Amino acid sequence: MTAAGPLADSFGRVMRDVRISVTDRCNFRCMYCLPETEEAANFYRTKFDHAKNPAPATLIAREWKPRSQLLTFEEIERVMRILVSLGIEKVRVTGGEPLLRHGLETLIAKLARIEGVRDLAMTTNGFLFPQKAEALRAAGLRRISFSLDSLEPANFKKMTGRDGLREVLAGIALAKRLGLAPVKVNAVVIRGINDHELEALAGFARREDLSFRFIEFMPLDSGRVWLKELVVPGREILQRLQARYELKPVLSQNVAETARRWSFSDGRGEIGIIAPVTEPFCGHCNRLRLTADGKIRTCLFSLTEHDLKPLLRGGANDEQIADKLRCIVWQKEERHHIGEPDFVQPERTMSCIGG
Ligand code: SAM
Ligand code: SF4
């Protein structure tokens with residue numbers, strides 16, 4: 001491990017990208033993340049072989065982290081300044097649903113002022129975006145990703161637990177008007193739920209000139225209902241879309257990108273496929289995560305978290321925190337083990353980790 005210099009791990013990967021979760025709360029109940037609605041329970045029940053698998057947990061009475069355990073904006077800003085001094089260039093604010101964090105624009109303004117942040121983005125379900133958009137843009141937000149898994153109102157409600165398609169579409173349109181370009185949209189694909197919408201979603205990307213990402217369903221849901229059979233492999237998604245659209249590979253991709261990208265022949269819009277389950281990209285991973293309660297995770301699938309709060313609240317100086325970060329990153333896992341017999345799903349789920 002180097003005593004100074006950038007954040008490198010023991011496999012030679014250098015960290016450049018951090019995702020900061022600002023809350024574990026959410027106003028949606030997505031079937032792949034917080035599958036805690038009756039509809040989600042009914043769907044998954046049909047998929048489980050009860051002789052082998054326990055019934056999925058449903059309708060969990062959720063307990064959110066108390067405010068006192070969440071990092072303050074000042075604490076997040078401090079960690080980010082230290083991370084930037086160690087070579088981090090990209091930051092994405094996420095959650096839970098980040099727009100539920102009161103005064104989020106204040107944090108965005110703090111992060112935007114840090115010299116060395118090349119890319120400041122946010123991932124949101126978009127439901128509250130129209131209410132906060134102008135303030136976030138004025139605070140310095142430059143890029144945004146929305147989650148949108150369905151264009152059919154009833155299916156949207158089934159997938160997210162919320163009757164909110166109209167609001168999310170309005171949010172996407174507003175982001176385009178505000179120049180948060182390129183507007184990105186993510187869809188998690190679940191076999192038997194929204195895979196019949198692949199072509200329609202790609203058509204939407206082309207019509208609206210969006211950068212659309214199809215994501216494989218990962219075992220990070222709160223109900224532990226993930227099953228391999230529900231994953232639509234990236235290869236299959238691509239074949240389906242190629243059968244409908246003329247797609248050209250985007251050549252300017254950098255190796256650390258998680259998505260393989262294609263543009264439409266007429267140049268409007270783009271699709272990307274993120275296939276962490278069937279085509280892992282761990283070898284190029286340069287990403288860290290900071291949870292809302294101050295834990296560093298070196299992988300989505302980490303079984304260990306590293307708590308920065310005792311240092312942040314216990315009087316440690318920046319150099320001590322930087323040393324701790326170097327030490328944590330050195331231990332970054334080589335790869336995930338999804339689908340292998342030794343795979344263990346992390347205790348905390350996507351909404352708590354920050355996707
Ligand atoms: N609430 C915001 C949203 O939905 O965009 C931000 C947080 S959400 C956890 C971030 C991203 O994680 C979303 O794009 C969502 O689709 C993705 N995600 C959540 N659970 C997932 C899973 N089990 N597999 C793959 N992606 C998942
Ligand atoms: Fe909430 Fe985002 Fe998870 Fe959906 S994916 S339940 S919007 S945190």
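Read the numbers this way: they start at 1 and go in the same order the structure lists the ligands and their atoms. Bear in mind that the values here come from a model prediction, so they are computed numbers and not experimental data.
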Participant: Does the pair N286 and V14 meet the rule for a side chain to side chain contact (heavy atoms under 4.5 Å, CB included), with working shown?
Facilitator: CA-CA 6 Å; N286 64 359; V14 175; over 6 Å; no
Participant: Below 30° counts as parallel, above 60° as perpendicular, anything between as tilted: where do the rings of F212 and F204 land?
Facilitator: perpendicular
Participant: Could you go through ligand 1 and list every pair where one of its N or O atoms sits under 3.5 Å from a protein N or O, giving the atom names and the distance to one decimal?
Facilitator:
unit_1, atom_1, unit_2, atom_2, d
ligand 1, 1 (N), G96, O, 3.0
ligand 1, 1 (N), E97, OE1, 3.1
ligand 1, 4 (O), S147, OG, 3.1
ligand 1, 5 (O), T124, O, 3.2
ligand 1, 5 (O), S147, OG, 2.7
ligand 1, 14 (O), S147, OG, 3.1
ligand 1, 14 (O), N186, ND2, 3.3
ligand 1, 23 (N), Y32, O, 2.7
ligand 1, 23 (N), M218, O, 2.9
ligand 1, 24 (N), M218, N, 2.9

Participant: Taking atom types as modelled, find out whether R213 and S145 have a side-chain donor-acceptor pair closer than 3.5 angstrom.
Facilitator: no
Participant: Between R240 and E199 (salt bridge meaning N to carboxylate O under 4.0 Å), is one present in this structure?
Facilitator: yes
Participant: Report yes or no: do N155 and N194 form a side-chain donor-acceptor pair below 3.5 Å?
Facilitator: no
Participant: Under the criterion side chain to side chain contact (heavy atoms under 4.5 Å, CB included), which of L311, L325, I328 is the partner of H306?
Facilitator: I328
Participant: Looking at Y32, which atoms of ligand 2 are within less than 4.0 Å of one of its heavy atoms?
Facilitator: 5 (S)
Participant: Ignoring water, what protein N, O or S atoms are under 2.8 Å from atom 1 (Fe) of ligand 2?
Facilitator: C26 SG
Participant: Check step by step if side chain to side chain contact (heavy atoms under 4.5 Å, CB included) holds for L290 and V79.
Facilitator: CA-CA 9 Å; L290 175 64; V79 175; 4.1 Å; yes
Participant: Flag the pair D209 and K176 as a salt bridge only when some basic side-chain nitrogen lies within less than 4.0 angstrom of an acidic carboxylate oxygen.
Facilitator: no
Participant: Compare every heavy atom of E333 with every heavy atom of F11, then report the nearest pair and how far apart it is.
Facilitator: CE1-C, 4.1 Å
Participant: Are R206 and Y245 in a cation-pi contact, defined as NZ or CZ under 6.0 Å from the six-membered ring centre and within 45° of the axis?
Facilitator: no
